[in-house]
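So the structure is just underneath, and the comments pick up after that.
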Number of protein chains: 2
Amino acid sequence: MAYNVLPLTRLIEHFERLPGIGRKSAQRLAYYVLNMPREKAEDFAHCILDAREKIIHCNVCQNLTDSEKCPICSDDARDKTTICVVETPQDVLAFERTREYNGVYHVLHGLISPMNGIGPDQLYVKELLARIGQGGVLEVIMATNPTVEGEATAMYLSRLFKPLGVKVTRLAYGIPVGGNLEYADEVTLYRALEGRSEI
Amino acid sequence: MAYNVLPLTRLIEHFERLPGIGRKSAQRLAYYVLNMPREKAEDFAHCILDAREKIIHCNVCQNLTDSEKCPICSDDARDKTTICVVETPQDVLAFERTREYNGVYHVLHGLISPMNGIGPDQLYVKELLARIGQGGVLEVIMATNPTVEGEATAMYLSRLFKPLGVKVTRLAYGIPVGGNLEYADEVTLYRALEGRSEI
(Lines give C-alpha, C1' and ligand atoms only; values in the text may rest on other atoms or scores of the structure.)
Protein backbone atom coordinates (compact mmCIF):
# COMPACT_ATOMS: atom_id res chain seq x y z
CA MET A 1 0.00 0.00 0.00
CA ALA A 2 1.24 3.40 -0.94
CA TYR A 3 -0.51 5.15 1.94
CA ASN A 4 0.50 3.50 5.17
CA VAL A 5 -1.02 4.26 8.53
CA LEU A 6 1.72 2.75 10.66
CA PRO A 7 -0.12 1.75 13.87
CA LEU A 8 -2.85 0.13 11.80
CA THR A 9 -0.40 -1.68 9.49
CA ARG A 10 1.51 -3.05 12.46
CA LEU A 11 -1.68 -4.31 14.12
CA ILE A 12 -2.72 -6.02 10.89
CA GLU A 13 0.70 -7.66 10.65
CA HIS A 14 0.38 -8.96 14.21
CA PHE A 15 -3.00 -10.54 13.50
CA GLU A 16 -1.67 -11.99 10.26
CA ARG A 17 1.05 -13.86 12.14
CA LEU A 18 -1.54 -15.81 14.13
CA PRO A 19 -2.27 -19.32 12.86
CA GLY A 20 -5.13 -19.62 10.36
CA ILE A 21 -5.47 -15.84 9.91
CA GLY A 22 -4.84 -14.59 6.37
CA ARG A 23 -4.39 -11.04 5.10
CA LYS A 24 -8.11 -10.31 4.72
CA SER A 25 -9.08 -11.71 8.11
CA ALA A 26 -6.22 -9.81 9.74
CA GLN A 27 -7.54 -6.57 8.23
CA ARG A 28 -11.07 -7.32 9.40
CA LEU A 29 -9.87 -8.10 12.93
CA ALA A 30 -7.71 -4.96 13.11
CA TYR A 31 -10.58 -2.72 12.00
CA TYR A 32 -12.83 -4.47 14.49
CA VAL A 33 -10.39 -3.72 17.31
CA LEU A 34 -10.26 -0.06 16.21
CA ASN A 35 -14.03 0.17 16.46
CA MET A 36 -14.16 -1.46 19.90
CA PRO A 37 -14.97 0.72 22.90
CA ARG A 38 -11.65 1.92 24.32
CA GLU A 39 -11.96 -0.07 27.59
CA LYS A 40 -12.60 -3.31 25.70
CA ALA A 41 -9.50 -2.84 23.55
CA GLU A 42 -7.41 -2.00 26.62
CA ASP A 43 -8.79 -5.02 28.43
CA PHE A 44 -7.90 -7.23 25.45
CA ALA A 45 -4.31 -5.94 25.40
CA HIS A 46 -3.96 -6.42 29.15
CA CYS A 47 -5.33 -9.94 28.89
CA ILE A 48 -2.55 -10.84 26.46
CA LEU A 49 0.10 -9.45 28.80
CA ASP A 50 -1.57 -11.04 31.81
CA ALA A 51 -1.84 -14.49 30.25
CA ARG A 52 1.77 -14.34 29.01
CA GLU A 53 2.89 -13.22 32.48
CA LYS A 54 0.91 -15.44 34.81
CA ILE A 55 0.55 -18.71 32.97
CA ILE A 56 3.20 -21.23 33.90
CA HIS A 57 3.67 -24.98 33.70
CA CYS A 58 2.23 -27.10 36.53
CA ASN A 59 5.24 -28.48 38.39
CA VAL A 60 3.71 -31.97 38.35
CA CYS A 61 2.06 -32.53 34.95
CA GLN A 62 3.48 -29.55 32.97
CA ASN A 63 -0.01 -28.47 31.89
CA LEU A 64 -0.59 -24.69 31.64
CA THR A 65 -1.84 -23.17 34.88
CA ASP A 66 -1.66 -20.00 36.96
CA SER A 67 -0.74 -21.77 40.19
CA GLU A 68 2.28 -23.96 41.04
CA LYS A 69 0.21 -27.13 40.89
CA CYS A 70 -2.62 -27.23 38.37
CA PRO A 71 -6.27 -27.74 39.43
CA ILE A 72 -6.31 -31.30 38.08
CA CYS A 73 -3.18 -32.38 39.96
CA SER A 74 -4.51 -30.61 43.08
CA ASP A 75 -7.84 -32.44 42.92
CA ASP A 76 -7.91 -35.27 45.51
CA ALA A 77 -10.75 -36.97 43.62
CA ARG A 78 -8.52 -37.65 40.61
CA ASP A 79 -6.89 -41.04 40.33
CA LYS A 80 -3.13 -40.43 40.61
CA THR A 81 -2.25 -44.03 39.65
CA THR A 82 -3.09 -43.45 35.97
CA ILE A 83 -1.17 -40.93 33.86
CA CYS A 84 -2.38 -39.99 30.38
CA VAL A 85 0.56 -38.70 28.30
CA VAL A 86 -0.38 -36.06 25.70
CA GLU A 87 1.41 -33.72 23.33
CA THR A 88 -0.27 -30.38 24.11
CA PRO A 89 -2.46 -28.66 26.73
CA GLN A 90 -5.25 -28.63 24.12
CA ASP A 91 -5.24 -32.44 24.21
CA VAL A 92 -5.93 -32.28 27.96
CA LEU A 93 -9.01 -30.15 27.22
CA ALA A 94 -10.14 -32.72 24.64
CA PHE A 95 -9.94 -35.54 27.20
CA GLU A 96 -11.65 -33.43 29.87
CA ARG A 97 -14.56 -32.86 27.48
CA THR A 98 -15.26 -36.62 27.43
CA ARG A 99 -16.00 -36.39 31.20
CA GLU A 100 -14.98 -40.04 31.38
CA TYR A 101 -11.32 -39.88 32.31
CA ASN A 102 -10.59 -39.55 36.00
CA GLY A 103 -6.82 -40.03 36.02
CA VAL A 104 -4.15 -37.33 35.72
CA TYR A 105 -2.10 -36.10 32.74
CA HIS A 106 1.41 -35.41 31.61
CA VAL A 107 1.94 -32.83 28.89
CA LEU A 108 5.08 -33.42 26.78
CA HIS A 109 4.81 -30.04 24.96
CA GLY A 110 5.83 -31.62 21.67
CA LEU A 111 6.75 -34.92 20.06
CA ILE A 112 10.07 -36.55 19.26
CA SER A 113 10.95 -35.43 15.74
CA PRO A 114 14.52 -36.09 14.55
CA MET A 115 13.68 -34.23 11.30
CA ASN A 116 13.14 -31.03 13.28
CA GLY A 117 15.95 -31.75 15.72
CA ILE A 118 13.60 -32.46 18.63
CA GLY A 119 14.75 -35.29 20.86
CA PRO A 120 13.45 -36.50 24.25
CA ASP A 121 15.62 -33.89 25.99
CA GLN A 122 13.57 -31.05 24.48
CA LEU A 123 10.35 -32.57 25.88
CA TYR A 124 9.20 -33.05 29.46
CA VAL A 125 10.27 -36.72 29.53
CA LYS A 126 12.66 -36.38 32.47
CA GLU A 127 9.82 -35.03 34.61
CA LEU A 128 7.55 -37.92 33.60
CA LEU A 129 10.26 -40.44 34.45
CA ALA A 130 10.64 -38.80 37.86
CA ARG A 131 6.88 -39.05 38.50
CA ILE A 132 6.88 -42.74 37.64
CA GLY A 133 10.07 -43.26 39.64
CA GLN A 134 8.38 -41.89 42.80
CA GLY A 135 6.09 -44.93 42.68
CA GLY A 136 2.33 -45.25 42.99
CA VAL A 137 1.78 -45.14 39.21
CA LEU A 138 0.09 -48.26 37.84
CA GLU A 139 -0.67 -47.31 34.24
CA VAL A 140 0.69 -44.87 31.68
CA ILE A 141 -1.66 -44.24 28.73
CA MET A 142 0.11 -43.08 25.57
CA ALA A 143 -2.31 -40.59 24.06
CA THR A 144 -0.13 -38.92 21.43
CA ASN A 145 -1.63 -38.29 17.99
CA PRO A 146 -1.81 -41.25 15.56
CA THR A 147 0.83 -39.67 13.30
CA VAL A 148 4.33 -40.91 12.50
CA GLU A 149 5.83 -38.67 15.17
CA GLY A 150 3.11 -39.46 17.69
CA GLU A 151 3.66 -43.20 17.17
CA ALA A 152 7.43 -42.90 17.41
CA THR A 153 7.15 -40.94 20.64
CA ALA A 154 4.70 -43.46 22.12
CA MET A 155 7.04 -46.31 21.13
CA TYR A 156 10.13 -44.63 22.55
CA LEU A 157 8.47 -43.78 25.85
CA SER A 158 6.86 -47.20 26.30
CA ARG A 159 10.30 -48.85 25.99
CA LEU A 160 11.61 -46.38 28.55
CA PHE A 161 8.83 -47.05 31.07
CA LYS A 162 8.27 -50.78 30.82
CA PRO A 163 11.45 -51.67 32.77
CA LEU A 164 10.04 -49.56 35.64
CA GLY A 165 7.24 -52.07 36.05
CA VAL A 166 4.29 -49.90 34.98
CA LYS A 167 1.62 -50.95 32.51
CA VAL A 168 1.93 -48.90 29.30
CA THR A 169 -1.15 -48.68 27.06
CA ARG A 170 -2.04 -46.95 23.81
CA LEU A 171 -5.36 -45.40 22.68
CA ALA A 172 -7.48 -47.69 20.48
CA TYR A 173 -7.44 -47.19 16.72
CA GLY A 174 -10.64 -47.59 14.75
CA ILE A 175 -13.35 -45.88 12.80
CA PRO A 176 -14.50 -42.58 14.33
CA VAL A 177 -18.01 -42.57 15.80
CA GLY A 178 -20.40 -41.05 13.27
CA GLY A 179 -17.85 -41.67 10.53
CA ASN A 180 -18.46 -43.37 7.22
CA LEU A 181 -16.81 -46.69 6.31
CA GLU A 182 -16.70 -45.61 2.69
CA TYR A 183 -14.34 -42.76 3.53
CA ALA A 184 -12.17 -44.61 6.06
CA ASP A 185 -8.61 -45.16 4.81
CA GLU A 186 -7.38 -48.74 4.56
CA VAL A 187 -4.99 -48.57 7.53
CA THR A 188 -7.71 -47.30 9.85
CA LEU A 189 -10.12 -49.95 8.62
CA TYR A 190 -7.50 -52.67 9.08
CA ARG A 191 -6.85 -51.46 12.63
CA ALA A 192 -10.60 -51.36 13.35
CA LEU A 193 -10.91 -54.96 12.13
CA GLU A 194 -7.89 -56.05 14.11
CA GLY A 195 -9.23 -54.44 17.29
CA ARG A 196 -12.79 -55.79 16.93
CA SER A 197 -14.56 -56.88 20.09
CA GLU A 198 -17.46 -59.20 20.85
CA ILE A 199 -20.91 -57.65 21.21
CA MET B 1 -14.79 -26.56 31.96
CA ALA B 2 -14.43 -27.70 35.52
CA TYR B 3 -10.80 -26.64 35.77
CA ASN B 4 -10.48 -22.99 34.82
CA VAL B 5 -7.22 -21.18 34.39
CA LEU B 6 -8.56 -17.64 34.62
CA PRO B 7 -6.02 -15.63 32.56
CA LEU B 8 -6.24 -18.21 29.78
CA THR B 9 -10.04 -18.38 29.84
CA ARG B 10 -10.27 -14.59 29.65
CA LEU B 11 -7.88 -14.45 26.69
CA ILE B 12 -9.89 -17.14 24.89
CA GLU B 13 -13.09 -15.14 25.52
CA HIS B 14 -11.50 -12.02 24.07
CA PHE B 15 -10.48 -13.83 20.90
CA GLU B 16 -13.92 -15.42 20.66
CA ARG B 17 -15.55 -11.98 20.57
CA LEU B 18 -13.69 -11.07 17.36
CA PRO B 19 -15.67 -11.47 14.15
CA GLY B 20 -15.38 -14.84 12.42
CA ILE B 21 -13.56 -16.47 15.36
CA GLY B 22 -15.35 -19.41 16.95
CA ARG B 23 -14.61 -21.27 20.18
CA LYS B 24 -12.03 -23.62 18.67
CA SER B 25 -10.15 -20.91 16.76
CA ALA B 26 -10.15 -18.71 19.87
CA GLN B 27 -8.53 -21.54 21.84
CA ARG B 28 -5.93 -22.11 19.15
CA LEU B 29 -5.09 -18.39 18.99
CA ALA B 30 -4.84 -18.08 22.78
CA TYR B 31 -2.48 -21.06 23.04
CA TYR B 32 -0.46 -19.62 20.17
CA VAL B 33 -0.08 -16.32 22.02
CA LEU B 34 1.03 -18.20 25.15
CA ASN B 35 3.75 -19.93 23.16
CA MET B 36 4.99 -16.72 21.55
CA PRO B 37 8.32 -15.28 22.69
CA ARG B 38 7.57 -12.82 25.50
CA GLU B 39 8.66 -9.74 23.50
CA LYS B 40 6.37 -10.68 20.60
CA ALA B 41 3.36 -11.03 22.88
CA GLU B 42 4.16 -7.72 24.58
CA ASP B 43 4.58 -6.06 21.22
CA PHE B 44 1.20 -7.43 20.10
CA ALA B 45 -0.52 -6.06 23.20
CA HIS B 46 1.15 -2.67 22.80
CA CYS B 47 0.15 -2.55 19.14
CA ILE B 48 -3.49 -2.92 20.12
CA LEU B 49 -3.20 -0.07 22.64
CA ASP B 50 -1.17 2.02 20.21
CA ALA B 51 -3.60 1.60 17.31
CA ARG B 52 -6.58 2.33 19.57
CA GLU B 53 -4.79 5.41 20.93
CA LYS B 54 -3.24 6.96 17.84
CA ILE B 55 -5.67 6.25 15.05
CA ILE B 56 -8.11 9.06 14.42
CA HIS B 57 -10.37 10.21 11.60
CA CYS B 58 -8.82 12.42 8.90
CA ASN B 59 -10.39 15.86 9.34
CA VAL B 60 -11.10 16.05 5.60
CA CYS B 61 -12.26 12.61 4.41
CA GLN B 62 -12.89 10.85 7.78
CA ASN B 63 -10.72 7.89 6.77
CA LEU B 64 -8.63 6.31 9.54
CA THR B 65 -5.21 7.90 9.92
CA ASP B 66 -2.58 8.77 12.51
CA SER B 67 -2.17 12.38 11.40
CA GLU B 68 -4.72 15.22 11.25
CA LYS B 69 -5.00 14.95 7.48
CA CYS B 70 -4.65 11.50 5.95
CA PRO B 71 -1.90 10.66 3.41
CA ILE B 72 -4.39 10.58 0.53
CA CYS B 73 -5.88 14.01 1.30
CA SER B 74 -2.33 15.37 1.83
CA ASP B 75 -1.11 14.09 -1.56
CA ASP B 76 -0.94 16.97 -4.05
CA ALA B 77 -1.00 14.49 -6.95
CA ARG B 78 -4.54 13.34 -6.08
CA ASP B 79 -7.42 14.93 -7.94
CA LYS B 80 -9.44 16.88 -5.34
CA THR B 81 -12.30 17.58 -7.77
CA THR B 82 -13.61 14.01 -7.56
CA ILE B 83 -14.86 12.51 -4.28
CA CYS B 84 -15.63 8.81 -4.00
CA VAL B 85 -18.13 8.24 -1.16
CA VAL B 86 -17.74 4.87 0.64
CA GLU B 87 -19.15 3.16 3.69
CA THR B 88 -15.97 1.98 5.47
CA PRO B 89 -12.18 2.52 5.52
CA GLN B 90 -11.85 -1.02 4.11
CA ASP B 91 -13.66 0.17 0.97
CA VAL B 92 -10.96 2.82 0.50
CA LEU B 93 -8.34 0.05 0.56
CA ALA B 94 -10.33 -1.88 -2.04
CA PHE B 95 -10.33 1.11 -4.41
CA GLU B 96 -6.64 1.81 -3.77
CA ARG B 97 -5.84 -1.77 -4.78
CA THR B 98 -7.22 -1.07 -8.28
CA ARG B 99 -4.44 1.56 -8.72
CA GLU B 100 -6.80 3.27 -11.18
CA TYR B 101 -8.58 5.84 -9.04
CA ASN B 102 -6.78 9.10 -8.54
CA GLY B 103 -9.46 11.18 -6.83
CA VAL B 104 -10.09 11.49 -3.10
CA TYR B 105 -12.54 9.75 -0.76
CA HIS B 106 -15.16 10.39 1.85
CA VAL B 107 -15.86 7.70 4.44
CA LEU B 108 -19.41 7.74 5.83
CA HIS B 109 -18.66 5.14 8.56
CA GLY B 110 -22.00 3.47 8.03
CA LEU B 111 -25.14 3.54 5.91
CA ILE B 112 -28.56 5.04 6.45
CA SER B 113 -30.64 2.32 8.07
CA PRO B 114 -33.98 3.31 9.61
CA MET B 115 -34.42 -0.29 10.85
CA ASN B 116 -31.35 0.14 13.05
CA GLY B 117 -32.15 3.75 13.91
CA ILE B 118 -29.24 5.12 11.85
CA GLY B 119 -30.08 8.36 10.05
CA PRO B 120 -27.84 10.80 8.13
CA ASP B 121 -26.97 12.56 11.41
CA GLN B 122 -25.13 9.47 12.68
CA LEU B 123 -22.97 9.41 9.55
CA TYR B 124 -20.36 11.89 8.28
CA VAL B 125 -22.81 13.54 5.86
CA LYS B 126 -22.53 17.05 7.33
CA GLU B 127 -18.75 16.96 6.74
CA LEU B 128 -19.26 15.84 3.14
CA LEU B 129 -21.76 18.63 2.53
CA ALA B 130 -19.25 21.12 3.92
CA ARG B 131 -16.53 19.81 1.56
CA ILE B 132 -18.82 20.19 -1.44
CA GLY B 133 -20.01 23.58 -0.19
CA GLN B 134 -16.40 24.87 -0.20
CA GLY B 135 -16.44 24.54 -3.99
CA GLY B 136 -13.97 22.94 -6.36
CA VAL B 137 -15.73 19.57 -6.38
CA LEU B 138 -16.93 18.51 -9.82
CA GLU B 139 -18.07 14.92 -9.27
CA VAL B 140 -19.26 12.82 -6.37
CA ILE B 141 -19.12 9.06 -7.01
CA MET B 142 -21.55 7.04 -4.88
CA ALA B 143 -19.63 3.87 -4.09
CA THR B 144 -21.77 2.34 -1.35
CA ASN B 145 -22.48 -1.39 -1.48
CA PRO B 146 -25.20 -2.60 -3.88
CA THR B 147 -27.48 -3.57 -0.97
CA VAL B 148 -30.83 -2.08 0.04
CA GLU B 149 -29.18 0.21 2.56
CA GLY B 150 -26.32 1.11 0.23
CA GLU B 151 -28.79 2.04 -2.51
CA ALA B 152 -30.98 4.06 -0.16
CA THR B 153 -27.97 5.99 1.13
CA ALA B 154 -26.73 6.68 -2.42
CA MET B 155 -30.21 7.87 -3.39
CA TYR B 156 -30.61 10.09 -0.36
CA LEU B 157 -27.18 11.70 -0.76
CA SER B 158 -27.53 12.23 -4.50
CA ARG B 159 -30.75 14.20 -3.91
CA LEU B 160 -28.93 16.22 -1.27
CA PHE B 161 -25.98 17.06 -3.51
CA LYS B 162 -27.55 17.66 -6.90
CA PRO B 163 -28.94 21.11 -5.96
CA LEU B 164 -25.33 22.10 -5.17
CA GLY B 165 -24.48 21.78 -8.85
CA VAL B 166 -22.13 18.78 -8.66
CA LYS B 167 -22.32 15.73 -10.90
CA VAL B 168 -23.39 12.69 -8.86
CA THR B 169 -22.57 9.24 -10.29
CA ARG B 170 -23.04 5.63 -9.17
CA LEU B 171 -20.77 2.59 -9.71
CA ALA B 172 -21.74 0.40 -12.67
CA TYR B 173 -23.68 -2.79 -12.03
CA GLY B 174 -22.90 -5.87 -14.05
CA ILE B 175 -21.41 -9.32 -14.04
CA PRO B 176 -18.17 -9.62 -12.03
CA VAL B 177 -15.00 -10.20 -14.09
CA GLY B 178 -14.15 -13.90 -14.03
CA GLY B 179 -17.70 -14.67 -12.93
CA ASN B 180 -20.04 -17.18 -14.50
CA LEU B 181 -23.26 -16.11 -16.25
CA GLU B 182 -24.90 -19.32 -15.11
CA TYR B 183 -24.61 -18.26 -11.48
CA ALA B 184 -25.45 -14.59 -11.94
CA ASP B 185 -28.78 -13.65 -10.35
CA GLU B 186 -31.46 -12.22 -12.62
CA VAL B 187 -31.25 -8.66 -11.28
CA THR B 188 -27.50 -8.49 -11.89
CA LEU B 189 -27.91 -9.95 -15.35
CA TYR B 190 -30.68 -7.47 -16.18
CA ARG B 191 -28.48 -4.60 -14.99
CA ALA B 192 -25.55 -5.93 -17.05
CA LEU B 193 -27.79 -6.07 -20.12
CA GLU B 194 -29.14 -2.60 -19.46
CA GLY B 195 -25.64 -1.16 -19.05
CA ARG B 196 -24.15 -2.87 -22.13
CA SER B 197 -21.68 -0.90 -24.22
CA GLU B 198 -20.48 -1.08 -27.80
CA ILE B 199 -17.25 -3.00 -28.45
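Below, chain A is the first sequence line, B the second, and so on; all start at residue 1. These values consider heavy atoms only, across backbone and side chains, with no hydrogens, waters or symmetry-generated copies.
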- Whatever's closer than 4.5 Å to a heavy atom in chain B on A:D75 counts as side chain
- Note on the structure: Checked B:L49, B:I72, B:V33 vs chain A; the most non-hydrogen pairs under 4.5 Å come from B:I72
- Item | Parallel, tilted or perpendicular: rings of B:F95 and B:Y105 (30°, 60°) | tilted
- Query: If you measure from CZ on B:F15 to CG on A:L18, what distance do you get to the nearest 0.5 Å?
  - Reply: 5.5 Å
- Message: Heavy-atom cut-off 4.5 Å, strictly under: side chain, backbone, both or neither for A:I55 against chain B?
- Response: side chain
- Of all of B:R10, B:E53, B:K40, which one pairs up most often with chain A through heavy atoms under 4.5 Å apart? B:R10
- Validation row: B:Y31, A:L93 side chains within 4.5 angstrom (heavy atoms): yes
- Item | From A:L129 atom CG to A:L160 atom CG, the distance as rounded to the nearest 0.5 Å | 4.5 Å
- Query: What option among A:A51, A:P19, A:C70 has the most heavy-atom pairs under 4.5 Å with chain B?
  - Reply: A:P19
- With side chains defined as the heavy atoms from C-beta onward, is the minimum distance between B:R131 and B:Y124 less than 4.5 Å? no
- Note on the structure: One should read off an interatomic distance between A:E149 CD and A:T144 OG1, to the nearest 0.5 angstrom, of 10.5 Å
- Message: Heavy-atom pairs under 4.5 Å with chain B - which of A:R17, A:K54, A:H109 has more of them than the others?
- Response: A:R17
- Item | Winner by heavy-atom pair count (cut-off under 4.5 Å) against chain B, out of A:R97, A:E42, A:M36, A:E13 | A:M36
- Item | Contact origin within A:Y32 toward chain B - heavy atom pairs under 4.5 Å | side chain
- With the side chain counted from C-beta on, respond yes when B:I21 and B:E16 share a heavy-atom pair under 4.5 Å apart, and no when they do not. no
- Query: Stepwise, does the side-chain hydrogen bond (donor to acceptor under 3.5 Å, both in side chains) test hold for A:E186 with A:Y190?
  - Reply: CA-CA 6 Å; A:E186 47 274 51; A:Y190 169 68; over 6 Å; no
- Task: Look at A:P89, A:A45, A:S67 and state which one has the largest set of heavy-atom pairs under 4.5 Å with chain B.
- Result: A:A45
- Comparing A:L6, A:L29, A:D43 against chain B, the one with the most heavy-atom pairs below 4.5 Å turns out to be A:D43
- Task: Find the one option among A:A30, A:S25, A:A41 whose heavy-atom pairs under 4.5 Å with chain B are most numerous.
- Result: A:A41
